[in-house]
Amino acid sequence: MIKYDAVIVGGGVIGSCISYYLTEAGLKVALVEKGDIASGTTSSCDGNILISDKKPGFDTDLAAVSQNLFEELDQKLDYEYDYTKKGSLYLIESQEEWSVAEQFVKEQTANGYAMRMLDYDQVHRDEPLLADDIIGGIEIETDAAVYPMAFTYSLIDKACKNGLKLYNYNSVEDIILDTKGQIESVLLSGGEKIRTTNVINAAGVWAPEIGQMVGLDIPIQPRQGQILVAERTRQVGKRKIVEFGYMMAKFGSKNYKRDIHPILEKYGIAFVFEPTAADNFLIGSSRQFVNFDNRISIEVMKGLAARAIRFFPSMKDINVIRAYAGLRPYVNDHFPIVSAVENVPGFYIAAGHEGDGIGLAPVTGKLVEHLIIGNDINIPLDLDFAVQKLSFNRFF
Amino acid sequence: MKDDVIVCRCEEVTLGEIKEAIEAGARTVTDVKRRTRAGMGLCQGKSCEIIVQRQLCKQLNLSSEEAHPARDRAPVRPISFGVLGDEYND
Ligand SMILES: Cc1cc2nc3c(=O)[nH]c(=O)nc-3n(C[C@H](O)[C@H](O)[C@H](O)COP(=O)(O)OP(=O)(O)OC[C@H]3O[C@@H](n4cnc5c(N)ncnc54)[C@H](O)[C@@H]3O)c2cc1C
Ligand code: FES
């Protein structure tokens with residue numbers, strides 16, 4: 001029977017990126033996915049690759065490393081996935097937001113990140129269809145985007161060329177340990193058993209189920225988000241555009257409250273505009289804990305549309321053709337778990353990326369390569385610090 | 001039908017691309033949609049889904065229900081941002 005160096009559970013963007021890096025490094029790898037590739041959360045998200053929504057410090061550094069890895073991947077992958085680097089724009093609605101934004105930009109530029117404040121005239125010249133009362137913005141040069149599902153297929157395509165064995169439409173039913181408590185094999189729904197010494201749990205919101213198989217409680221919860229899809233239409237905005245107000249709490253003004261309808265607050269709605277390569281645009285998104293319910297709701301859709309018109313009044317006559325919902329794998333400190341597990345040698349977790357799984361997929365893949373092979377992965381991060389910060393241990 | 005025939009007119013997806021997606025692992029109309037964009041256009045698959053479904057049945061020997069489970073169907077009709085957003089826009 002073939003024995004694999006590693007078996008990855010989950011064919012979302014995270015598992016696919018890990019399979020790419022591990023096969024590039026020469027390992028013999030199998031990936032098990034219960035449906036088609038990219039059929040979980042990766043099928044219902046945006047494709048933004050951002051540093052702009054990260055806190056100064058490690059949060060930004062991690063995202064920036066990943067952004068740079070996207071540049072490298074662009075040279076290496078074969079299958080097209082609409083990688084664009086148009087930067088992003090944050091919209092500022094009030095003086096209070098302006099002062100927090102200024103402080104934020106000052107700190108980030110001091111750390112070497114390319115951002116700048118845009119005043120009233122600049123922001124309205126750049127984006128002529130903006131609501132008149134927007135007082136300014138932040139421009140972030142390096143922010144990028146991909147079409148997330150195509151990116152995932154592209155990783156798998158390359159990994160397969162590197163020898164990845166793909167078990168799609170197969171789910172992992174159990175993980176079997178030997179008498180010493182080490183990983184021995186993985187049992188699939190079809191009854192097949194695959195031998196391996198390493199298992200990587202990249203099952204996103206389902207990662208806790210896989211954890212249970214080896215007696216672990218993994219603290220990841222689904223946090224639902226909904227998105228509206230607009231019809232193909234004239235250009236509304238040139239790049240990714242986000243409201244800064246929603247970021248305020250994150251950047252330090254915990255008591256800041258946006259002046260919005262209570263319904264929008266209730267559903268955690270923040271304006272995110274993303275033009276797509278197909279000449280239409282997406283409007284996101286909401287944040288709600290509703291267990292594994294991933295149905296869209298008309299109330300959330302109304303809230304998203306209201307928030308969109310607030311920033312771009314001329315969207316009024318454009319049609320919404322579809323809506324979708326996805327489940328972000330949420331961890332309470334907003335960092336993913338990318339970690340070995342002390343008590344279960346050979347078991348790794350790479351899940352819990354909440355709203356950043358696309359952007360953080362490359363750096364996650366690299367870190368897993370480091371954890372498993374122990375090699376120098378050549379990225380500008382303090383690896384010991386990163387490993388500690390993202391460890392499963394941090395919850396105990 | 002020849003491979004260069006356009007199956008999804010809204011998104012300009014050919015039969016050949018549909019076949020490739022199925023070969024790469026797609027098993028349902030939704031899988032094909034994710035891989036090719038067929039069905040993501042303005043008509044939301046009204047004209048192309050049935051052809052994709054038939055191709056799946058033929059290529060993978062599936063029943064129509066297997067190729068397009070009921071839970072996968074899109075629930076929304078086009079509606080403008082203005083009408084949708086009117087209630088909470090203040
Ligand atoms: C509305 C919304 C907007 C978002 N926007 C962005 C954005 O702009 N930028 C960004 O970076 N991120 C964004 N995200 C977050 C991003 O989508 C996720 O972080 C990412 O997709 C998670 O990927 P994953 O591979 O961990 O999970 P998934 O894609 O869910 O993959 C896990 C896979 O595991 C499989 N699986 C589960 N159980 C088993 C089993 N027993 N056996 C085998 N397989 C199994 C599932 O089928 C699934 O395919 C957004 C999310 C949402 C909901
Ligand atoms: S023909 Fe395919 S979406 Fe309209």
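Letters A, B, ... mirror the listed sequences (proteins, then strands); counts begin at 1.
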Contact origin within [X] toward chain B - heavy atom pairs under 4.5 Å:
| X | answer |
| --- | --- |
| A:Leu166 | neither |
| A:Ile37 | both |
| A:Ile318 | both |
| A:Tyr324 | neither |
| A:Tyr81 | neither |
| A:Ala150 | neither |

With sequence neighbours left out, write down each residue that passes salt bridge (charged side-chain N to carboxylate O under 4.0 Å, His left out) with B:Asp3, or none if nothing qualifies. B:Lys19
By salt bridge (charged side-chain N to carboxylate O under 4.0 Å, His left out), B:Asp4 pairs with (sequence neighbours left out) none
A:His261 and B:Glu87: CA distance, side-chain angles, deciding distance, side chain to side chain contact (heavy atoms under 4.5 Å, CB included) verdict: CA-CA 10 Å; A:His261 196 289; B:Glu87 193 171 337; over 6 Å; no
Check whether B:Cys10 gets within reach of chain A through its side chain, its backbone, both or neither, counting any heavy atom under 4.5 Å. backbone
With sequence neighbours excluded, residues passing side chain to side chain contact (heavy atoms under 4.5 Å, CB included) with A:Ala278: A:Arg232, A:Thr276, A:Asn280, B:Glu11, B:Arg37
Among A:Ser43, A:Ser44, A:Pro148, exactly one meets side chain to side chain contact (heavy atoms under 4.5 Å, CB included) together with B:Arg34. Which residue is that? A:Ser43
In terms of heavy-atom contacts, does [atom1] of [X] have more than 12 from other residues, nucleotides or ligands at under 6.0 Å?
| X | atom1 | value |
| --- | --- | --- |
| A:Asp78 | CG | yes |
| A:Glu299 | CD | yes |
| A:Lys238 | NZ | yes |

Spacing of [X] atom [atom1] and [Y] atom [atom2] [to the nearest 0.5 Å]:
| X | Y | atom1 | atom2 | result |
| --- | --- | --- | --- | --- |
| B:Arg27 | A:Asn168 | CZ | CG | 6.5 Å |
| B:Ile79 | A:Met301 | CD1 | CE | 7.0 Å |
| A:Leu304 | B:Tyr88 | CG | OH | 11.5 Å |

At their closest point, which heavy atom of [X] faces which heavy atom of [Y], and how far apart are they?
| X | Y | result |
| --- | --- | --- |
| A:Glu231 | B:Leu42 | CB-CD1, 3.9 Å |
| A:Asp36 | B:Arg35 | OD1-NH2, 2.8 Å |
| A:Ala306 | B:Gly85 | CB-O, 3.4 Å |
| B:Phe81 | A:Met315 | CB-O, 3.4 Å |

Which residues in residues 151-165 of chain A have any heavy atom closer than 4.5 Å to a heavy atom of chain B? A:Tyr153
Looking only at heavy atoms and a cut-off of under 4.5 Å, which of A:Ser39, A:Pro313, A:Gly303 has the most pairs with chain B? A:Ser39
Go through B:Asp86 and A:Lys302 one step at a time and tell me if the salt bridge (charged side-chain N to carboxylate O under 4.0 Å, His left out) criterion holds. CA-CA 8 Å; B:Asp86 190 43; A:Lys302 285 179 184 172; over 6 Å; no
So does B:Ser80 get a backbone contact from the side chain of A:Asn319, meaning a donor-acceptor N/O pair under 3.5 Å? yes
